[in-house]
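Computed from heavy atoms alone, side chains included, the values below leave out hydrogens, waters and symmetry copies. Owing to the predicted nature of the structure, the values given are computational and were not obtained by experimental measurement. A, B, ... follow the sequence lines: proteins, then strands. Residue 1 opens every chain.
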Protein chains: 2
Amino acid sequence: MAHDHAALLKHIKADMPSDELLQDLGDLFKIFGDTTRIKIMYALYEDEMCVCAIADLLGMTQSAISHQLKVLKAANLVESRREGKTIFYRLADEHVKSIIAQGYDHITE
Amino acid sequence: MAHDHAALLKHIKADMPSDELLQDLGDLFKIFGDTTRIKIMYALYEDEMCVCAIADLLGMTQSAISHQLKVLKAANLVESRREGKTIFYRLADEHVKSIIAQGYDHITE
DNA sequence: TTATCATATGAACGGTTGCTCATATGTTCA
DNA sequence: TGAACATATGAGCAACCGTTCATATGATAA
């Protein structure tokens, strides 16, 4: 075992969020932790876009994009609307932008 | 192929960051995308802490914590200082907190 | 130096993940 | 209804990732 620091730990532990919330936080960032998904979110930064336009933009398969959009949607990071055969995706809320912006700031310094 | 949207894509593409930066962004968030690393960063939220205290706090192996601290340090998310046999880690800057805080906001709503 | 403590590190293993391929679903138009 | 288009989805595979285990490094004290 290690040296003693029980007193310190007791204090820190009390201030930590629940395990469940920490897990959710990790799961959320995991979704931002893929270049393809980051690119998709950037593509939707200003305006909605249909699936095939995103696929075209990123030079990737429609299937690959659809799979990732499903992941993003399940995490409430994007929303969609149908217009005929086409389905348009958009960012779900401003949090997506601010999370990306914070990461951007850390990188570009 | 899909329906035509060349004009749209040209505009969007011009506004996208470089592939390299998008890759870096993904890599950054990937580091936040693991519960163990999130817990470590939360442990260091208020004050520095030695490796074995973190291991004790999280109920994990010293080896596992060291491996993750190495990842965090390589990404400039934590820094360390030595004091005798002990090595103390701390958050590298305020960005770490603000990135986590943004994620937290998205979760707790 | 030798023993002990604190931390770091390399290899290996199991689980996860993102893409591809084939196919299914859903919509429009003739 | 049938054909074409846009998107969704399941299975399978290769690559990646986090932990464990064994061991190495570095520092202190006797």
Side-chain angles (χ1 to χ4, degrees), chain A residues 1-5 8-9 19 22-23 25-41 43-44 48-75 77-90, chain B residues 1-5 8-9 22-23 26-41 43-44 48-75 77-90:
Chain A
M1 234 285 215
H3 62 256
D4 189 46
H5 28 53
L8 174 66
L9 292 195
D19 270 26
L22 293 167
Q23 178 77 48
L25 251 187
D27 290 345
L28 175 66
F29 285 122
K30 200 168 291 173
I31 294 175
F32 285 83
D34 174 77
T35 308
T36 299
R37 288 191 290 265
I38 287 280
K39 286 181 180 176
I40 291 175
M41 290 187 274
L44 304 177
E48 63 178 9
M49 202 180 284
C50 68
V51 178
C52 63
I54 299 172
D56 200 353
L57 176 67
L58 305 191
M60 294 182 65
T61 305
Q62 170 267 319
S63 175
I65 301 300
S66 269
H67 277 296
Q68 297 301 358
L69 284 170
K70 189 179 185 180
V71 173
L72 290 168
K73 196 171 186 178
L77 298 177
V78 304
E79 298 169 339
S80 64
R81 72 180 177 86
R82 175 181 284 277
E83 190 178 307
K85 289 176 289 188
T86 307
I87 297 184
F88 290 94
Y89 282 84
R90 61 179 176 282
Chain B
M1 236 288 217
H3 62 255
D4 187 49
H5 28 54
L8 174 64
L9 292 196
L22 292 166
Q23 178 77 48
D27 290 345
L28 175 66
F29 284 122
K30 200 168 291 173
I31 294 174
F32 285 82
D34 175 75
T35 308
T36 299
R37 288 191 291 264
I38 287 279
K39 285 180 179 175
I40 291 176
M41 290 187 275
L44 304 177
E48 63 178 11
M49 202 180 284
C50 68
V51 178
C52 63
I54 300 173
D56 201 353
L57 176 67
L58 305 191
M60 293 182 66
T61 304
Q62 169 268 319
S63 175
I65 301 300
S66 269
H67 277 296
Q68 297 301 359
L69 284 169
K70 188 178 185 181
V71 173
L72 290 168
K73 195 171 186 179
L77 298 177
V78 304
E79 296 169 340
S80 65
R81 71 179 179 86
R82 175 181 284 277
E83 190 179 309
K85 289 177 287 189
T86 308
I87 297 185
F88 291 94
Y89 282 83
R90 61 180 176 281

Tell me the interatomic distance from [X], atom [atom1], to [N], atom [atom2], rounded to whole angstroms.
| X | N | atom1 | atom2 | answer |
| --- | --- | --- | --- | --- |
| B:D34 | C:dT16 | CG | P | 13 Å |
| B:K70 | D:dT19 | NZ | C1' | 15 Å |
| A:I31 | C:dT16 | CD1 | C1' | 14 Å |
| B:I65 | C:dT9 | CD1 | P | 15 Å |
| B:I40 | D:dT19 | CD1 | C1' | 13 Å |
| B:I54 | C:dA6 | CD1 | P | 14 Å |
| A:I87 | D:dC5 | CD1 | C1' | 12 Å |
| B:F32 | D:dC17 | CZ | C1' | 18 Å |

ask   = Looking only at heavy atoms, which two atoms of B:S80 and B:R90 are closest? And how far apart?
value = C-NH1, 3.9 Å
Nearest to the [X] side chain among [options], which nucleotide is it?
| X | options | answer |
| --- | --- | --- |
| B:M60 | D:dT19, C:dT20, C:dT9 | D:dT19 |
| B:K85 | D:dG26, D:dT19, C:dT27 | D:dG26 |
| B:R37 | D:dT19, D:dG18, C:dT20 | D:dG18 |

ask   = Hey, is A:H67 doing a stacking thing with C:dC19, by the 5.5 Å centroid and 30° angle criteria?
value = no
request  = Examine the base of D:dA6 for any acceptor or donor lying under 3.5 Å from a partner atom in the side chain of A:Q62, and report the outcome as yes or no.
outcome  = no
task = Mark yes or no for a side-chain to base donor-acceptor pair under 3.5 Å between A:S63 and C:dC19, with no hydrogen or angle criteria applied.
result = no
ask   = Closest nucleotide of DNA chain D for A:S80 versus for B:G33: which of these residues is on the 5' side?
value = A:S80
ask   = Going through the distances and angles, do A:F32 and A:L77 end up as a side-chain contact (heavy atoms from CB on, under 4.5 Å)?
value = CA-CA 10 Å; A:F32 285 83; A:L77 298 177; 3.9 Å; yes
If you look at every strand shown and take non-hydrogen atoms under 4.0 Å, does [X] touch a base, only sugar-phosphate, or nothing?
| X | value |
| --- | --- |
| B:Y89 | sugar-phosphate |
| B:K73 | nothing |
| B:S66 | base |

B:R82 side-chain N/O to B:I87 backbone N/O, donor-acceptor pair under 3.5 Å = no
message = Using a 3.5 Å distance criterion without hydrogens, assess whether the side chain of A:R37 forms a donor-acceptor pair with backbone atoms of A:K30.
response = yes
key: Carboxylate-amine/guanidinium proximity below 4.0 Å for A:E83 and A:R81   = yes
key: Residue whose nearest DNA chain C nucleotide is more 5′ - A:V71 or A:E83   = A:V71
ask   = Can a side chain N or O of B:T61 be found less than 4.0 Å away from OP1 or OP2 on D:dT20?
value = yes
ask   = Hey, does the side chain of A:Q68 come within less than 4.0 Å of C:dT17's phosphate (OP1/OP2), counting only N and O?
value = no
task = Using the six-membered ring wherever Trp is involved, compare the ring planes of A:F29 and B:F29 and label them parallel, tilted or perpendicular (cut-offs 30° and 60°).
result = parallel
